[in-house]
Number of protein chains: 2
Amino acid sequence: MEVYAANLIGGQWTLAICCYLINGKLRFGELKKKLPNITERMLTLQLRKLEENKLVKRTVYAEVPPRVEYELTESGQRLKPILGMLEKWGKEHQLLMATD
Amino acid sequence: MEVYAANLIGGQWTLAICCYLINGKLRFGELKKKLPNITERMLTLQLRKLEENKLVKRTVYAEVPPRVEYELTESGQRLKPILGMLEKWGKEHQLLMATD
DNA sequence: CGTCATACTTACATTTTTGTTGGTACCAAA
DNA sequence: TTTGGTACCAACAAAAATGTAAGTATGACG
């Protein structure tokens, strides 16, 4: 059943991160700015997990100060339509919740 | 962003439960059998949350011993195509992970 | 009267997740 | 030499999620 996928995308920040990466690469610090409530530690952990799960690719540049870029893998990109549908569903559902 | 939807379906058992309910109503005990690793307590909590979020409707019959049936709401049903896509994506991704 | 079945609930313990704080490495520029 | 910027890591603390074990209510049935 969908449990496998659910485990991959179920983390609290996973979908949010993927969402921002859909539009292209982002550096660690850029992601941090986009996710104002996340702590550095959490962002690191989440990105590591995404990398392990091959949803995100991490590229380290040998510069000082360091530069690290994150981008979706091909598999991650394939989530795009699903994210789109989820967003649409979420908006509709949110309305339904609001109108009791 | 999709965070709203993610919070609704992100629970460890949420999608699994919805998945089983797609094929129709199920009693508490039936769900328990389908989810062998869930504890009664967890199943209760998850169903309560799903009910709160209006993904699942709970019907109690005034019988003894008690009978309680769970079914997807209309909003829950609308998740169906998304679950389908997620499952497909999950399978492909699982292959990719297996072949390193 | 005692037993059974179902769908819970409650108290407590354990595990997992997340937050907090402080520190590191590196080189460039002042 | 000191400061600054980036992307972390590690130790500890707090909070949240989950597990465990026991108990509850009800009426039917024997």
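Here is how names work: the chains are called A, B, and so on, in the same order as the sequence lines, proteins then strands, and each is numbered from 1.
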*Asks:* With a 3.5 Å distance limit and no angle check, can you tell me whether Trp89(A) reaches the backbone of Gly76(B) through a side-chain donor-acceptor pair?
*Replies:*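 No, Trp89(A) side chain to Gly76(B) backbone: no donor-acceptor pair under 3.5 Å.
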*Asks:* Pick out the pairs of N or O atoms, protein on one side and nucleotides 24-27 of chain D on the other, that lie under 3.5 Å.
*Replies:*
none

*Asks:* Please report the closest heavy-atom contact between Lys49(B) and Asn7(B), naming both atoms and the distance.
*Replies:*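 That closest heavy-atom pairing would be NZ-O, 3.8 Å.
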*Asks:* With a non-hydrogen cut-off below 4.0 angstrom, is Tyr61(B) in contact with a base, only sugar-phosphate, or nothing?
*Replies:*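 Result for Tyr61(B) = nothing.
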*Asks:* Between Thr99(A) (side chain) and Leu95(A) (backbone), is there a donor-acceptor pair under 3.5 Å?
*Replies:* yes
*Asks:* Closest to the Tyr70(B) side chain: dC8(D), dC8(C), dA7(C)?
*Replies:*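 For the Tyr70(B) side chain, the nearest candidate turns out to be dC8(C).
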*Asks:* OP1 or OP2 of dG19(C) less than 4.0 angstrom from a side-chain nitrogen or oxygen of Thr39(A), does that happen here?
*Replies:* yes
*Asks:* Applying ring-ring contact (aromatic ring centres under 6.0 Å, His included), which residue pairs with at least one partner in residues 32-69 of chain A are found, sequence neighbours left out?
*Replies:*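 Qualifying pairs, neighbours excluded: none.
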*Asks:* How is Arg41(A) classified with respect to the nucleic acid when contacts are heavy atoms under 4.0 Å: base, sugar-phosphate, or nothing?
*Replies:*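 Base contact.
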*Asks:* Which pair of non-hydrogen atoms, one from Glu40(B) and one from Phe28(B), has the smallest distance, and what is that distance?
*Replies:*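 Minimum heavy-atom contact is O-CZ, 3.9 Å.
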*Asks:* Can you list, in residue-number order, the parts of residues 42-51 of chain A that come under 4.0 Å of DNA chain D, counting heavy atoms only?
*Replies:*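 Of all residues in residues 42-51 of chain A, the ones placing a heavy atom under 4.0 Å from DNA chain D are Thr44(A), Arg48(A).
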*Asks:* Hey, mind stepping through Lys54(B) and His93(A) against side chain to side chain contact (heavy atoms under 4.5 Å, CB included) and telling me if it holds?
*Replies:* CA-CA 9 Å; Lys54(B) 297 189 187 170; His93(A) 187 78; 4.3 Å; yes
*Asks:* dT18(C), OP1 or OP2 - any side-chain N/O from Gln12(A) closer than 4.0 Å?
*Replies:* yes
*Asks:* Taking 4.0 angstrom as the limit, do Lys34(A) and Glu30(A) come out as a salt bridge?
*Replies:* no
*Asks:* Taking side chain as C-beta onward, heavy atoms only, is Leu86(A) less than 4.5 Å from Ile9(B)?
*Replies:*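 Yes, side chains in contact.
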*Asks:* Expressed as a whole number of angstroms, how long is the span from Trp13(B):CH2 to dA17(D):C1'?
*Replies:* 13 Å
*Asks:* Tell me whether Arg48(B) is salt-bridged to Glu52(B), with the criterion being a basic N under 4.0 Å from an acidic carboxylate O.
*Replies:*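 Answer for the salt bridge query: no.
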*Asks:* Hey, which sits more toward the 5' end of DNA chain C by its nearest nucleotide, Glu40(A) or Arg27(B)?
*Replies:*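 Final value for this comparison: Arg27(B).
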*Asks:* Go nucleotide by nucleotide along DNA chain D from the 5' end; which of Arg58(A) and Ile38(B) gets its closest nucleotide reached first?
*Replies:*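 Upstream on the strand: Arg58(A).
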*Asks:* Rounded to the Å, how far apart are Glu30(A) CD and dA7(D) C1'?
*Replies:*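 Rounded to the whole Å, the gap is 13 Å.
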